[in-house]
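Each ligand, and each atom within it, is numbered from 1 in the order the structure gives.
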Amino acid sequence: MTTTTPIEAVQSGLSEYMRSARGRVEGALAGYLPGESASAACPARLAQAMRYSLLGGGKRLRPILALMAADACGADAEAALPAACALEMVHTYSLIHDDLPSMDDDVRRGRPTCHRAFDEATAVLAGDALLTLAFEVIARDVRPTSAALACVLALAEGAGPAGMVGGQMADLEAEGQPDATLGELEAIHRRKTGALLRASLKMGAIVAGADGPTLRALDVYGHAVGLAFQIVDDLLDVQGDEAKLGKRVNKDHGLGKWTYPGLLGLEGSRRHARELADEAVGALDLLGGRGDRLRALALDLLERDR
Ligand code: GRG
């Protein structure tokens, strides 16, 4: 029988684990990128733009969730590294495209956005190339082949029209519309932010060969963590520090976006995020002590400042 370690003890080791996992992910990401000089593999300028955005910072939350899920399901987290890298490539593509002049963000991860550092066409192509490379990495490096196929499906579902891209569309359509209900707001963020986070956990678990009940528990955890993460994102847009976040703040209100602070107020949003984090922690009972790190992460995300 596995026993759980006091959550404070796990939380105190979490930042060291995250730092080390980030380092492993970034090393692997660098290895997947085409070289920066012109080659048959990739034109130089495209390679430079892909590298600029993919290796330009970020919390690496999605790959870390995949590694943690694999570990919690009893696998060597290294086995989940290719899937983890594919997730970060898809996430980075979405940020590059999200920043484009139609949305017009000039700072991302503390540096000029891709289209400011290069040009608009190169940024579109760098996003396209990262999205495509993600699926190449899974097909080439996730093993066994049955896990690769399941990861391709999980990533496509999480990132595509039923997931992130559909959520982005719904978010754009909601701009300037009359006030949302909590259910309507959740329906957007379940897809826009939550679907890729859930796919991250699922892909880690798939690589580890997890059974159905474990996959379902991780999905409940991912659903709750995804919404809590978005609430904190909305709070940081109101109260965060641009220098720490590496991006502009106070954007949502000007765009007429539906947000949690707009709907629930600051205190109500914090309370709801806490309830969701508690729900996420509770969802992992089945994993016993193996879920400790994921539990600590759910609580830690409430305190993030970037
Ligand atoms: C509308 C032109 C156009 C493109 C849209 C599909 C897409 C491109 C965007 C998806 C929506 C999106 C960007 C969702 C992500 C939301 C979010 C919370 C981003 C921030 O994630 P963090 O905090 O970022 O994990 P770091 O930089 O730490 O990786």
Side-chain angles (χ1 to χ4, degrees), residues 18-19 21-22 25-26 29 52-66 84-85 87-105 107-115 120-121 123-128 130-132 134 155-175 185 188-201 222 225-237 240-249 251-252 255 257-260 273 297 300-306:
M18 300 278 282
R19 205 176 2 260
R22 216 171 281 132
V25 167
E26 287 174 356
L29 286 172
Y52 177 84
S53 287
L54 191 65
L55 301 185
K59 294 181 288 298
R60 313 306 191 188
L61 176 62
R62 292 146 192 86
I64 289 174
L65 280 173
C85 289
L87 284 154
E88 187 65 18
M89 288 173 191
V90 169
H91 170 57
T92 302
Y93 119 74
S94 82
L95 298 180
I96 295 173
H97 283 194
D98 194 50
D99 291 336
L100 280 168
S102 57
M103 309 274 104
D104 209 8
D105 258 313
V107 189
R108 171 68 68 182
R109 293 173 167 172
R111 301 186 309 162
T113 47
C114 191
H115 69 277
E120 203 177 322
V124 171
L125 291 171
D128 294 342
L130 287 171
L131 174 60
T132 318
L155 186 54
E157 284 177 345
M164 180 182 74
V165 172
Q168 174 74 1
M169 186 76 240
D171 195 27
L172 290 177
E173 285 180 328
E175 275 180 17
L185 190 58
I188 291 176
H189 292 303
R190 207 171 37 237
R191 287 188 282 166
K192 179 180 165 177
T193 308
L196 197 61
L197 296 175
R198 282 160 77 189
S200 306
L201 293 152
V225 160
L227 292 176
F229 183 81
Q230 182 62 48
I231 295 173
V232 176
D233 211 66
D234 285 1
L235 285 166
L236 288 171
D237 185 66
D241 174 350
E242 273 190 3
K244 282 188 184 148
L245 287 165
K247 64 180 181 184
R248 301 264 174 241
V249 294
K251 284 181 46 217
D252 293 341
L255 288 169
K257 278 199 178 296
W258 288 351
T259 65
Y260 284 93
L297 179 64
D300 197 67
L301 287 174
L302 297 176
E303 310 298 330
R304 72 187 175 97
D305 59 6
R306 71 182 197 104

Looking only at non-hydrogen atoms, which of Arg109, Arg62, Lys59, Arg306 approaches atom 21 (O) of ligand 1 most closely? Arg62

Show the numbers, then the answer: is there a side chain to side chain contact (heavy atoms under 4.5 Å, CB included) between Thr92 and Met89? CA-CA 5 Å; Thr92 302; Met89 288 173 191; 5.9 Å; no

Closest contact, heavy atoms only, Leu227 versus Arg190: CD2-N, 4.1 Å

Tell me whether Arg108 has any N or O atom under 3.5 angstrom from an N or O of ligand 1. no

Heavy atom to atom 11 (C) of ligand 1, shortest distance: which of Gln168, His91, His97, Arg304 holds it? Gln168

Taking it one step at a time, do Leu130 and Leu54 satisfy side chain to side chain contact (heavy atoms under 4.5 Å, CB included)? CA-CA 8 Å; Leu130 287 171; Leu54 191 65; 4.1 Å; yes

Step-by-step side chain to side chain contact (heavy atoms under 4.5 Å, CB included) determination, Leu61 to His91: CA-CA 10 Å; Leu61 176 62; His91 170 57; over 6 Å; no

For ligand 1, which atoms, with element, lie under 4.0 Å from some heavy atom of Phe229? 18 (C), 22 (P), 23 (O), 25 (O)

